[in-house]
Number of protein chains: 2
Amino acid sequence: MAITMKDVAEKAGVSIKTVSRVVNNQGEISAETRQRIEAIIAELGYRPNLVARSLITQRTLTIGLIVVDITNPFFAEVARGVQDVARQNGYNVLLCNIDDNLHEQQKALESLAAHSVDGIILFPLEYYDDRLLSFVNQYRPVVLINHLLQHPNVAVVLLDGAHGVQQAVNHLLERGHQEIAMLAGPKPITGRGQRLQGYQTALQGQGLADSANRVIFSIPTQAQGYEQSKQLLSQHPHITAIIAYNDLLAFGVIQACRELNIVIPDQCAIVGFDDIYFSNLVHPALSTVRVNKYEVGQQAMTRLLTMINDPKLTISPIKLGVELIVRESS
Amino acid sequence: MAITMKDVAEKAGVSIKTVSRVVNNQGEISAETRQRIEAIIAELGYRPNLVARSLITQRTLTIGLIVVDITNPFFAEVARGVQDVARQNGYNVLLCNIDDNLHEQQKALESLAAHSVDGIILFPLEYYDDRLLSFVNQYRPVVLINHLLQHPNVAVVLLDGAHGVQQAVNHLLERGHQEIAMLAGPKPITGRGQRLQGYQTALQGQGLADSANRVIFSIPTQAQGYEQSKQLLSQHPHITAIIAYNDLLAFGVIQACRELNIVIPDQCAIVGFDDIYFSNLVHPALSTVRVNKYEVGQQAMTRLLTMINDPKLTISPIKLGVELIVRESS
DNA sequence: ATCCTTAACGTCAACGTTGACATGACTATA
DNA sequence: TATAGTCATGTCAACGTTGACGTTAAGGAT
């Protein structure tokens with residue numbers, strides 16, 4: 001079907017190995033032979049079969065990227081950063097969506113391992129997943145985004161979520177808000193999560209205790225933001241500001257306020273997180289914590305490449321800065 | 001490094017072929033042997049090596065998806081549809097962004113061919129690309145989205161762009177608009193493009209000639225929409241309505257109007273195309289032509305699977321309906 | 001004339017599977 | 001009791017490359 005080295009070799013009257021050498025620019029070859037073979041390669045349109053090559057080199061030039069949902073512009077932008085660096089280095093990217101389903105995360109990890117990807121970039125739902133650990137242990141490098149895990153084969157790219165949310169809370173406090181709720185996103189099985197922690201420390205710093213009923217966990221989608229904030233604002237009318245785990249949740253809050261005739265930001269101020277592209281286009285324009293999503297992707301892929309090329313290297317975590325962007329919603 | 005069939009076979013005291021048979025549920029195997037081997041597989045955590053399997057079966061269980069830019073929510077939603085169907089059928093997806101760069105399209109096609117993907121789904125910049133044709137000819141099935149190409153190995157998923165834009169134009173005419181411009185997106189090298197055609201026929205149907213200066217081609221991004229419409233509206237203040245090739249362009253128009261203090265929809269009505277998620281959240285909420293993006297992806301992947309599983313099959317083009325959604329911008 | 005070096009190739013096995021075919025034991029049938 | 005048929009398993013080559021190592025001829029040094 002496709003043209004193989006054998007075809008090229010026969011036509012050139014040389015051994016397959018010789019063709020291999022010109023394809024890989026390796027070993028000693030006379031200029032004349034090289035030119036002749038290159039001409040034949042061009043003529044026949046030969047392309048090396050990467051799967052055969054992978055079988056022997058144990059490299060597929062493919063990495064896996066596991067995101068919650070590519071439909072969320074946050075992940076799309078990160079993916080773009082990953083892809084661009086990957087492509088520049090001759091790598092391809094297998095993309096998996098797992099929604100908020102730990103089982104899907106496991107399936108994705110298994111599938112990628114079966115495909116022998118050279119490494120994985122993961123926004124983990126749960127980073128201590130057994131499969132992840134076994135993958136990491138006996139297999140290939142992994143870059144974790146937004147979760148810290150110490151392991152020789154794991155590099156980590158962190159967002160300074162705590163700091164970002166602290167800035168947001170302080171900003172709201174300065175504007176005189178006293179009752180600030182948080183839509184805290186998915187509930188972490190262990191620990192509190194960076195952003196929630198930022199919320200709580202900022203409030204405690206002001207001597208304001210956090211009460212559990214002002215923190216709500218949910219899947220971080222607009223629909224959930226709408227549902228949760230509608231309920232929250234109806235039941236607790238004294239709340240004057242809401243911080244959301246991400247912009248999609250914040251969009252849901254905007255929607256709820258519109259429906260409840262709550263004026264933003266006068267009656268309820270809103271701050272999101274991520275600064276996805278559309279935060280500046282919604283009405284009112286959303287105040288949010290900006291993350292350089294593209295850079296997150298670039299950094300992750302760069303780190304992964306470093307580990308792939310030198311497995312012995314230990315890579316220290318990097319924490320990317322974030323920045324509060326105040327727009328109309330606060 | 002990883003566990004192979006050989007390891008399992010040795011531990012079970014059987015031949016590799018026997019292990020292969022239980023892994024693939026094929027051939028006759030005694031229940032006892034099967035159980036014993038399955039136990040060992042579970043114990044060792046053996047996973048079949050797909051690249052080795054691919055080498056012999058000539059199938060990689062991988063398809064390529066080439067989009068302009070995954071950062072555009074339109075493509076992200078289509079990708080999601082593709083991914084979900086792919087995953088349900090045991091397939092993985094290699095994602096490539098090509099922006100508006102024909103050269104990148106070629107590189108992506110070559111890269112995917114080198115990786116021996118089982119098929120490709122492509123939003124073509126130019127569908128008669130040599131590499132695409134050679135790929136299609138000597139290689140594997142392709143699904144083209146939004147472009148028609150007759151070829152035994154090519155299936156096609158079309159959006160009824162012409163009809164959608166016609167609806168939009170008629171809607172604007174009904175509202176009394178006479179001077180309707182179009183930001184027509186990337187200029188097709190051949191033909192006019194469905195959406196532009198819909199624009200022109202709708203106008204001609206009303207006896208309104210289309211003049212070239214009301215049609216502007218550009219890359220379909222918000223930035224371009226902003227630039228082009230700002231210029232257009234300054235130079236031609238009599239224009240009272242703009243139809244955009246996609247919602248991102250329309251967002252740019254909104255931005256330009258805001259800056260020029262043009263009131264939407266009174267002084268300038270705007271209609272987009274795609275109905276991406278955020279069209280309902282911008283201010284004013286964008287009138288647009290709804291495309292079922294997720295279904296586009298599902299249909300494309302389903303068709304690709306059909307062709308992969310039965311290469312002889314010829315698949316007739318499908319044209320998915322679109323629907324005008326009138327919101328606040330018109 | 002002999003030995004050594006080196007450039008320019010070639011040979012062979014291996015990567016981890018699967019397909020085609022072979023084998024041996026056992027069962028059923030005439 | 002010989003024969004065919006079936007079940008359960010084994011053997012071997014092949015998929016398209018590359019790594020390790022071998023070979024050959026030319027040329028230079030001694």
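Only a predicted model underlies this, so the values are computations on that prediction, with no experimental measurement involved. Quick note on labels: first sequence line is chain A, next is B, and so on, each numbered from 1.
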Problem set entry | Whole-Å distance separating the CZ atom of A/Arg59 from the P atom of D/dG19 |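 After rounding, the gap between these two atoms is 11 Å.
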
Measure the [atom1]-[atom2] distance between [X] and [Y] for me, rounded to the nearest 0.5 Å.
| X | Y | atom1 | atom2 | result |
| --- | --- | --- | --- | --- |
| A/Asn97 | B/Asp84 | CG | CG | 6.5 Å |
| B/Leu65 | A/Leu95 | CG | CG | 9.0 Å |
| A/Arg59 | A/Tyr91 | CZ | OH | 4.5 Å |

For this session: Please figure out whether B/Lys6 or A/Ala31 has its closest DNA chain C nucleotide nearer the 5' end.
Result: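 Nearest nucleotide further toward 5': that of A/Ala31.
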
Exercise. Hey, which of these two, B/Ile56 or B/Ser30, hits DNA chain D nearer its 5' end, going by closest nucleotide?
Worked result: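 Nearest-nucleotide comparison on DNA chain D picks B/Ser30.
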
Exercise. Considering heavy-atom distances to DNA chain D, does B/Arg36 or B/Ala52 have its closest nucleotide positioned more toward the 5' end?
Worked result: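 With B/Arg36 and B/Ala52 compared, the 5'-side residue is B/Arg36.
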
Problem set entry | Closest non-hydrogen atom pair, B/Val142 against B/Leu144 |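 Smallest heavy-atom distance, with atoms named: CG1-CD1, 3.6 Å.
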
Exercise. What about A/Arg21, does its side chain sit under 3.5 Å from the base of C/dG10 through a donor-acceptor pair?
Worked result: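 Pair found.
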
For this session: Decide yes or no, distance alone: a donor-acceptor N/O pair under 3.5 angstrom between the base of D/dG19 and the side-chain of A/Lys17.
Result: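 Per atom types, the contact qualifies.
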
What nucleotide among [options] has an atom nearest to a side-chain atom of [X]?
| X | options | value |
| --- | --- | --- |
| A/Thr18 | C/dT17, C/dG10, D/dT18 | C/dG10 |
| B/Gln26 | D/dT18, C/dG16, C/dG19 | C/dG19 |
| B/Thr33 | D/dT17, D/dT9, C/dC15 | D/dT9 |
| A/Thr4 | D/dG16, C/dC9, C/dT17 | D/dG16 |

Exercise. Would A/Thr62 and A/Asn92 count as a side-chain hydrogen bond (donor to acceptor under 3.5 Å, both in side chains) if you check the C-alpha gap in whole Å, the side-chain angles of each, and the deciding distance to 0.1 Å?
Worked result: CA-CA 5 Å; A/Thr62 296; A/Asn92 272 60; over 6 Å; no

For this session: Have a look at B/Ile16 and say if it touches a base, only the backbone sugar-phosphate, or nothing, with a 4.0 Å heavy-atom cut-off.
Result: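 The residue B/Ile16 makes base contact.
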
Exercise. When all nucleic acid strands are considered with a 4.0 Å heavy-atom cut-off, which category describes B/Val14: base, sugar-phosphate, or nothing?
Worked result: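 Result for B/Val14 = sugar-phosphate.
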
For this session: Establish, with yes or no, whether the OP1 or OP2 oxygen of D/dG16 is under 4.0 angstrom from a side-chain nitrogen or oxygen of B/Gln58.
Result: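 Answer yes for this pair, as a side-chain N or O of B/Gln58 is under 4.0 Å from OP1 or OP2.
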
Exercise. Using a cut-off of less than 4.0 Å, is there contact between a side-chain N or O of A/Asn24 and OP1 or OP2 of D/dT18?
Worked result: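 Yes, A/Asn24 has a side-chain N/O under 4.0 Å of OP1/OP2 on D/dT18.
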
